[in-house]
Each structure stands twice: as C-alpha cells, then as structure tokens.
Amino acid sequence: MTGDSGVRVRFAPSPTGFLHIGSARTALFNWLFARHHGGTFILRIDDTDEQRSTEESMREIYDSLKWLGLEWDEGETAGGPHAPYVQSQRGEIYEKHVAQLLDDGNAYRCYCTPEELAAMREQARAEKRDQTYAGKCRNLTPADCQRLEAEGRRPVVRLKVPPEPITVEDLILGDIRVEADALQDEVIVKSNGSPLYNLTSTVDDLEMGITHVIRGADHVNNMPKQVLICRALGMQPPRFAHVPLVLNSAKGEKLSKRRHGDLVSVGKYRQDGYLPRAVINFLARLGWSYDDKTEIFSIDELIDIFDLGRVGKTNSVFDIQKLQWLNGHYITDMDIAARTNAVIPFLQQEGLLLKTNLTPDRRAWLEKIVESVGDRLTTLADIIPQTSFFFVDNFEYDPKAVKKWWKKDSALEILGGLRDVMAPLKTFNLEEVETAIWEYTDTNGVKRVQAMQPLRIALTGVSFGPGLFDIIALLGRDKVMQRLDRAICHVNGGA
RNA sequence: GUCCCCGUCGUCUAGUCUGGCCAAGGACACUGCCCUUUCACGGCAGCGACACGGGUUCAAAUCCCGUCGGGGAUGCCA
C-alpha cells in the first residue's frame with residue numbers, strides 16, 4: 001500500500017493512555033492526506049517520556065486505529081525501511097545527531113540546575129519579560145566544563161539558536177513569525193542523557209523522510225524550534241500543518257485525558273456502539289468541510305476530496321449529538337444482515353444471546369427482530385432496551401409506563417378484553433391479530449392508543465419500541481397469552 | 001505576566017484570500033405542526049450568528065487599526 005507520490009506523513013502518538021478523540025482526528029487527517037496523494041502513512045510511537053509511556057497504551061492505540069480503519073503503511077507491526085518505529089529504541093540515532101550538533105558548534109552543554117533556571121524564570125516573570133534562557137553557559141570553556149562537572153553537575157545539551165526572528169509557513173495557519181527575543185537555546189538532551197521531544201521528533205521526521213508534519217495546534221510553538229534544529233543539522237525541514245484543537249463543550253477548554261476521562265477515548269465510543277464509519281465522518285467534519293451543505297461522506301469520498309486547505313483555523317467543540325445523528329444514519333444504512341451481525345456482540349455481552357453460533361432458524365428470528373427495530377437505533381447498544389423483552393420473559397414493568405397506562409380498572413378491562421378476543425384466533429398471524437384488536441377497540445369505543453399502550457407494556461414492559469404487531473408476530477401466540485395473563489395478574493396486585 | 005494563534009446561529013460550518021450575487025446558506029440540537037398503536041423515522045414550519053469600536057470604500061462578514069473575548073504555549077513533558 002506504500003504510495004510512490006513522495007508524500008510521507010506520520011502520526012506519532014505518545015503511549016500515555018487511550019487514543020484521544022482529538023488525536024484520532026489528527027491521525028485521520030494524516031491518513032486522508034496520505035491516501036489522497038497516494039503517499040505513505042507512518043505510525044511512530046513517541047515514547048521518550050519513559051515515565052508515562054506504557055505497553056498497554058500502545059496496544060490500545062493500535063486497536064483503536066485499526067478499528068477506525070486507519071491502517072498504517074510503515075510502523076511497528078507493519079515494518080518498513082526505517083525501523084524501529086518506536087523512539088525508545090532509536091537512542092543511537094539521536095546520539096549521533098547530538099554529537100554532530102555539538103561538533104559543529106550548533107549545540108553546547110549547559111550546567112545550570114533546574115532550581116537555578118526556575119529562579120531565572122521567576123525573575124523574568126516578575127520583570128514582565130519573556131522567560132527565556134539567557135544563554136548563560138553558551139561560551140563555557142573546556143576548563144569551565146571540567147570544573148562544573150567536578151562540582152557534581154550533569155549538563156543538559158542546548159541548541160545554539162541564532163539571534164534572529166524566524167518565520168515558518170504553516171499550511172493551515174499561514175505564516176507564523178516569532179521574534180528573536182522569544183526564542184531561546186532549547187534543551188535537547190536531559191542531564192540524564194535522554195533526548196527530548198523536539199530533538200527526537202525532528203530527527204525522526206528527517207530520518208524517515210517525512211514531507212508533511214500534520215499535528216495538533218498545541219505544537220505550533222514547537223515548529224520554529226524544530227525548523228531551527230533542521231537548519232542546524234543542515235537539513236531541509238518538512239512542511240507543517242497544525243490542526244486546531246478539539247475543545248470540551250462545557251468550558252471551551254482543550255479536551256484532555258486527565259479532565260474529561262473516557263469521554264475523549266476512541267475505545268469508549270467503540271464500546272458504546274458507535275460505528276467506525278460514523279466516527280470517521282464526524283471527525284472529518286470537525287474543523288474541515290467540503291462545501292456549504294454536504295455532511296455525509298463515505299471513506300472513499302473523503303480520500304478523494306480531502307484537502308488541508310479546507311481545514312479551518314478555529315478550534316472546535318466536540319458535539320456528541322451530531323455524532324449520534326451520524327451514527328443513527330449509518331446504522332440505518334446497513335442492510336439487515338450486517339446490522340444483525342453488528343448488534344450480536346452487544347446482545348451477547350448483555351447475556352441475552354449465547355456466545356455460540358446461531359442455528360439458521362435462530363438467526364432468521366434474530367434478523368426479524370432487528371428488522372422490527374427499524375431505524376430506532378442511535379447506537380448499537382440501543383438494541384438492548386429496544387429488544388431485551390424478546391429474550392427474557394420475566395422482565396420488570398417500567399414504573400412510569402405502568403403509572404401512566406395501567407390505571408387499575410381500565411387496564412384490567414382492556415387487557416382482559418384483548419385476551420378474550422385474541423384467545424380464539426386460529427392462525428394468530430399478523431392480519432388476524434390486527435383485525436381482532438381493531439374490532440375490539442371499535443366496538444368498545446376505545447381509542448386505539450388506549451388499548452395498544454397497555455398491551456405494549458404487558459408484552460414488553462416499556463412504553464416504546466418496535467411496532468406492536470411486529471412484536472406480537474415475533475412473540476407468537478403462547479408468549480403473548482402468557483404475558484397477558486402475567487400482566488393481568490400484576491395489575492390485580494399479584495406477584 | 002510574556003509569546004503565538006483564533007473570533008459567523010447553542011454546536012459543526014459555507015461565505016473572508018480574489019469587497020458587491022449575503023437584509024448571511026446548510027447541518028446537528030431545540031420548538032411547533034403533519035404522519036402515527038408507542039418510541040423513533042420522515043415531511044413542513046419556526047427559533048437563531050457576522051464579538052465590539054473606529055477607519056478605508058459608491059459598497060465591508062469580507063480590507064486596515066484598536067479593544068474585548070477564547071484557546072494554546074511558556075517544562076531537563078509530548
């Protein structure tokens with residue numbers, strides 16, 4: 001699947017938790033961009049923060065990406081010419097580049113301690129200045145270094161940043177200009193010897209031949225730093241495109257794992273019964289649009305028309321109602337067989353269906369149930385409240401429904417009346433049942449709804465759901481009569 | 001505080017670059033009506049925005065300036 005257009009993009013998550021919904025959108029934009037241009041989509045794991053990175057998180061990210069259908073052409077599990085694709089395994093590569101930077105005089109060792117730096121920052125803030133490192137250790141002699149190391153100090157490595165403003169073009173945001181004052185000699189290697197994000201990310205983008213860095217806008221101010229590193233390395237930087245962030249609806253702040261829990265987890269939407277197609281469509285339209293009216297896009301259409309130039313500059317708010325609408329649309333869009341397949345795991349998980357293969361009869365019956373539900377599913381998990389009564393007999397009666405529709409005397413009369421007209425039916429087919437019920441309501445002057453709702457509650461326990469005649473047909477005579485008796489007994493105050 | 005970015009209906013957005021076709025269009029949500037055995041679906045209708053103030057211009061949502069608001073960053077995290 002590796003393309004030959006020369007376009008190479010990467011999605012580089014840090015494995016510090018589940019796949020965040022905003023990250024998923026970044027992955028999607030990268031993937032769409034690669035597919036649109038016939039390029040290569042690379043998955044790289046940026047785990048230089050050993051403290052927070054976990055193996056489990058890595059697996060979950062793989063799972064979520066695969067579930068969304070965002071297959072990668074190069075990366076862990078896919079292989080590729082630039083393996084390994086996990087930063088924690090690429091130490092030597094970074095060391096080599098840091099050595100070059102040091103040798104060329106483009107980087108230097110700094111012996112300031114974190115405490116000293118914090119003090120300098122505090123002072124800068126008090127004086128309302130940029131809190132940038134002033135380059136104190138920039139011109140240390142080898143003798144100075146020796147003396148400081150003798151004190152027990154361990155140096156960090158800093159990039160030597162030229163004192164001039166820099167302007168970098170962003171494919172979404174336009175030109176980003178940073179004044180020389182706001183730039184500082186960034187730390188690229190920690191005092192314990194481990195390289196930092198701006199270094200590793202830049203080196204890998206260069207090494208892996210990345211042509212376009214498409215990532216979240218929380219990285220915009222890393223862009224100049226990384227371009228500077230490229231220059232110091234004598235390399236041409238990739239092009240950048242920063243995608244505005246996805247905010248939390250309530251407060252308008254960045255959606256974060258810490259604050260918003262699994263609300264932002266792709267895995268949660270999978271569990272809750274959302275379709276990958278719906279999530280993709282939703283994510284695509286968050287911050288991107290094609291024209292002034294189209295909302296529904298197939299994957300192929302997205303690949304065909306996706307364009308970074310149509311990504312907006314403003315942050316957007318995650319609106320689950322729109323996702324729900326799309327999900328309902330895509331569920332309805334599936335044929336009955338596919339919908340049945342999709343819903344089976346949810347029924348099994350709820351214990352309504354055994355986790356074994358269905359017999360052809362049982363399968364046909366299930367499909368009819370699914371068909372009866374029609375377009376009432378917003379999520380696949382909605383199959384439970386919509387149909388659980390098909391699978392269990394001793395369901396509870398919803399108290400609110402009972403209160404509204406089972407006023408003792410009338411309910412008894414109606415349920416009894418319905419039982420009496422249905423009992424003698426010969427075939428109990430849909431037509432026959434319908435005729436009998438309408439005959440009952442018409443001759444007794446009962447409004448249809450006043451008969452149907454009590455009956456529905458008797459048969460399903462709730463006041464909503466598929467068409468009642470479909471339910472009756474699927475339940476069959478025995479269950480219908482049993483449930484009617486049970487309901488009458490219940491209204492009478494029985495158990 | 002400082003730096004960077006952004007500001008069209010509640011939300012996602014079209015329109016902004018290339019000023020007039022915009023008394024601002026679509027979608028989700030919401031409200032009402034129709035349909036209807038329920039709940040949904042669907043159909044129709046309604047509600048609803050150019051952050052504010054200056055300027056440029058015959059003409060500004062679109063260009064310029066300022067203010068205000070929001071977000072991000074400011075780390076030996078990514």
Check whether any side-chain N or O of [X] sits under 4.0 Å from OP1 or OP2 of [N], and answer yes or no.
X: T294(A); N: G26(B); value: no
X: R310(A); N: G15(B); value: yes
X: K322(A); N: U13(B); value: no

Touch check for [X], heavy atoms < 4.0 angstrom, all strands: base, sugar-phosphate only, or nothing?
X: V187(A); value: sugar-phosphate
X: G467(A); value: base
X: R154(A); value: nothing

Item to check | Minimum side-chain heavy-atom gap D204(A)-R10(A) below 4.5 Å | outcome: no
Polar atom pairs between nucleotides 64-69 of chain B and protein, under 3.5 Å, N or O only, would you list them?
none

Item to check | Interface with RNA chain B, restricted to residues 446-466 of chain A and to heavy atoms under 4.0 Å | outcome: R448(A), V449(A), M452(A), Q453(A), R456(A), S463(A), F464(A), G465(A), P466(A)
Next on the checklist: Short of 4.0 Å, heavy atom to strand atom, which residues of residues 368-384 of chain A count as contacting RNA chain B?
Outcome noted: D375(A), R376(A)
Give each protein N/O atom lying under 3.5 Å from an N/O atom of nucleotides 19-25 of chain B, with the pair distance.
unit_1 : atom_1 : unit_2  : atom_2 : d
G25(B) : N2     : D292(A) : O      : 3.0

Paired nucleotide for [N] [Watson-Crick or G-U wobble; both distances under 3.5 Å]:
N: U16(B); result: none
N: C9(B); result: none
N: C3(B); result: G72(B)

Item to check | Residues forming a side chain to side chain contact (heavy atoms under 4.5 Å, CB included) with A241(A), sequence neighbours excluded | outcome: L171(A), I172(A), I214(A), L308(A)
Checklist entry - Is a donor-acceptor pair below 3.5 Å formed from side chain E127(A) to base G1(B), judging by atom type as modelled? => result no
Can you give the donor-acceptor pairs under 3.5 Å from side chains of residues 109-117 of chain A to other protein atoms, not counting sequence neighbours?
unit_1  : atom_1 : unit_2  : atom_2 : d
Y111(A) : OH     : E149(A) : OE2    : 2.8
T113(A) : OG1    : E115(A) : OE1    : 3.4
T113(A) : OG1    : E116(A) : N      : 3.1
E116(A) : OE1    : T113(A) : N      : 2.9
E116(A) : OE1    : R153(A) : NH1    : 3.1
E116(A) : OE2    : R153(A) : NH1    : 3.3
E116(A) : OE2    : R153(A) : NH2    : 3.0

